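In what follows, a single structure is set out as structure tokens and then discussed.
Note that ligands are numbered from 1 as they come in the structure, with each ligand's atoms numbered from 1 the same way. Each residue takes its place number in the sequence, starting with 1. What you are looking at is a predicted structure, and each value in this text was computed from that prediction instead of being measured.
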Amino acid sequence: MIDEIRAARDAALSQIEAAGSLQEVAELDARLLGKQGQLAGFKRQLGALATIDEKKAAGQAVNDAMESVSGALRRRTADLGNAALAAQVAAERLDLTEYAGRPTRGHAHLVTQAWERLEDVFVGLGFRIAEGPEVESDWHNFEALNMVEGHPARGEFDTLFVDHAAEGEQPGRVLLRTHTSPVQIRTMLEQEPPIYIVAPGRVFRRDTPDATHMPVFHQIEGLVVDRGITMADLAGTIEAFTKAFFGSDFSSRLRPSYFPFTEPSAEFDVQRPDGSWLELGGCGMVHPNVLRAGGLDPEVWSGFAFGFGIDRMAVMRHDVADIRDMYTNDLRFIEQF
Ligand code: PHE
């Protein structure tokens, strides 16, 4: 009988091993360990055995068999449960480290970047930011800057006039400012010296676009008016700016030039570390007529002014070959910066 019990146990164990679902295991549990099961049948037959020893040995064998069957059922249940859970977890897995795409964050235009850096540098040098309108009067743009009607220097500014006449004004006196210098006049009329301002802004000239020119571009104007300001202050400011903006291995020089609104006038150039020069802008001592137009006495006040192109600085900083590329909004270009 013991052999039969063991054979029944082994058969039960292999059925349990083969069970593929929790439901099958539950059915096997009822069948193998239930009252109608084979092992229960052996139990009932124990009484028919001849000796106490035989009963003992067979009873022990049935108990052992039932124990290993119920142990196997528990393990199989646990295994199948784990597998089902693992399958569900795998199926519902959410990879929280995964992202669908890069966030598309843009950046400021090259000119805006240069504009803001210039403001930072000049504010760091103690300047205040000033502004003026893009649509300007002839008086602010030319006359007050010592360029009276018919002054030949007006010819250098290919001016775009606006078809608008203020009340009581002749047509042709309103224009798109050709430079940021009219902000000098507006500032002097607005505030008492000492004046230390920079005025970045958009300017317009009737120019055909090419690799180095655009009809709309940007300048930054500087104006200082105080007591006892000299050309040395101008040169020192230009040099301090050059080092702050470009780096300590850059330097600057002034070259004699002419502007109607400064006397003496100069061009200022910046020298790159490789020794080459870049012409950056114009500057000079504010002309007495300009101080007068701004309501200031040239015997009391003196000052210097400078102006240069922002687009040009952006072009130089990023080695852009054609200034027009900055305005065509071609993503292949824009995304490089
Ligand atoms: N306004 C001049 C220009 O556009 C530059 C300049 C500004 C020169 C201030 C001297 C002083 O060319």
What residue and atom, counting heavy atoms only, is the protein's closest point to [atom], and at what distance?
atom	answer
atom 2 (C) of ligand 1	F261 CZ, 3.8 Å
atom 5 (C) of ligand 1	G307 O, 4.0 Å
atom 12 (O) of ligand 1	F259 CE2, 3.9 Å

Kindly confirm or rule out an N or O of H179 lying under 3.5 angstrom from an N or O of ligand 1.
yes
Can an N or O of E221 be found at a distance shorter than 3.5 Å from an N or O of ligand 1?
no
Does the side-chain contact (heavy atoms from CB on, under 4.5 Å) test come out yes or no for E267 and L254, once each step is laid out?
CA-CA 6 Å; E267 301 281 343; L254 300 186; over 6 Å; no
Would one find more than 12 heavy atoms of other residues, nucleotides or ligands at under 6.0 Å from atom CZ of R206?
no
Do I238 and V123 belong together in a cluster built from hydrophobic side chains that touch within less than 4.5 Å?
yes
Between ligand 1 and R205, can you find any atom pair, the residue atom being a heavy atom, that is separated by under 4.0 Å?
yes
For ligand 1, is there an atom lying under 4.0 Å from some heavy atom of C283?
yes
Using a strict 4.0 Å cut-off to heavy atoms of S181, name the atoms of ligand 1 that fall inside it.
1 (N), 7 (C)
Identify, by atom number and element, the atoms of ligand 1 in contact range of Q219, meaning under 4.0 Å from any of its heavy atoms.
3 (C), 4 (O)
Counting only N and O atoms by type, is there a donor-acceptor contact under 3.5 Å from the side chain of Q219 to the main-chain atoms of T180?
yes
Has D233 got a side-chain atom pairing as donor or acceptor with T230's backbone, closer than 3.5 angstrom?
yes
Does the distance from a Lys or Arg side-chain N to an Asp or Glu carboxylate O, for D158 and R205, drop under 4.0 Å?
no
R173: which of E136, H164, E143 passes side chain to side chain donor-acceptor pair (under 3.5 Å):
E143
